[in-house]
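As a basis for the values below, the full set of heavy atoms in this structure was taken, side chains included, without hydrogen atoms, waters or symmetry mates.
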Amino acid sequence: MKKLLLVAMMAGFASTAAFAGAKCDAHPKDQWIKEADFKKKLEADGYTIKKFKVDGNCYEMYGKTKDGKKAEIYFDTVSGKAVKSEIGN
């Protein structure tokens, strides 16, 4: 019984680790691209933003790509480069 409980706990940990957010480098906040400026850049690049937030040291955007596909993207707060993305249908 103990083995079964341990296996179930490990499986649960592995599944939550797979869905964890991106790892962005820590930068002083005074070096970050301003949120409003970054959102304007994303919209100029064709993204539709449904939700935009700070997640740890990353900017996180939920919305749609210029092709209308669902997107969840994490960005470095200084370079603006995508660190992790999940693009759906």
Side-chain angles (χ1 to χ4, degrees):
M1 187 66 152
K2 287 182 183 179
K3 285 183 181 181
L4 181 60
L5 180 60
L6 181 61
V7 169
M9 287 174 52
M10 290 177 70
F13 174 75
S15 66
T16 55
F19 293 100
K23 301 286 186 205
C24 293
D25 293 334
H27 303 286
K29 290 212 176 199
D30 64 342
Q31 294 179 4
W32 288 20
I33 302 168
K34 292 180 182 170
E35 285 184 51
D37 294 342
F38 193 66
K39 287 165 73 174
K40 284 180 189 175
K41 181 194 176 314
L42 291 174
E43 289 170 340
D45 289 344
Y47 290 98
T48 302
I49 299 170
K50 182 174 182 181
K51 183 176 180 182
F52 186 90
K53 67 178 187 169
V54 174
D55 183 5
N57 294 311
C58 300
Y59 283 141
E60 182 178 10
M61 189 270 310
Y62 294 88
K64 296 196 177 206
T65 66
K66 62 182 172 187
D67 301 328
K69 294 182 179 179
K70 230 174 143 176
E72 177 182 354
I73 308 172
Y74 294 82
F75 298 92
D76 182 90
T77 54
V78 172
S79 70
K81 291 183 181 178
V83 176
K84 178 182 175 185
S85 63
E86 295 180 26
I87 308 297
N89 297 329

side-chain contact (heavy atoms from CB on, under 4.5 Å) between F52 and F38, worked out: CA-CA 10 Å; F52 186 90; F38 193 66; 3.8 Å; yes
Any side-chain heavy-atom pair of L42 and F75 under 4.5 Å: yes
Criterion side-chain hydrogen bond (donor to acceptor under 3.5 Å, both in side chains) against H27, the qualifying member of T77, D76, N57: D76
Test log, rule side-chain contact (heavy atoms from CB on, under 4.5 Å), inputs K70 and I87: CA-CA 6 Å; K70 230 174 143 176; I87 308 297; over 6 Å; no
Interatomic spacing from SG in C58 to CH2 in W32 - rounded to 0.5 Å: 8.5 Å
Flag side-chain contact, heavy atom, 4.5 Å: T48 against K50: no
Euclidean distance, I33 CD1 relative to K40 NZ, rounded to 0.5 Å: 13.5 Å
Y74-Y59 aromatic ring centre distance below 6.0 Å: no
Residues Y47, K66; criterion side-chain contact (heavy atoms from CB on, under 4.5 Å); working and verdict: CA-CA 5 Å; Y47 290 98; K66 62 182 172 187; over 6 Å; no
Straight-line distance of M61 CE to S85 OG, nearest 0.5 Å: 9.5 Å
Worked check of side-chain contact (heavy atoms from CB on, under 4.5 Å) between V54 and E35: CA-CA 9 Å; V54 174; E35 285 184 51; 3.7 Å; yes
Point-to-point distance, once rounded to the nearest 0.5 Å, from CD1 of I73 to CD of E60: 10.5 Å
D37/K41 ion pair, N-O < 4.0 Å: no
Separation between NZ of K51 and CD of E72, rounded to the nearest 0.5 Å: 9.5 Å
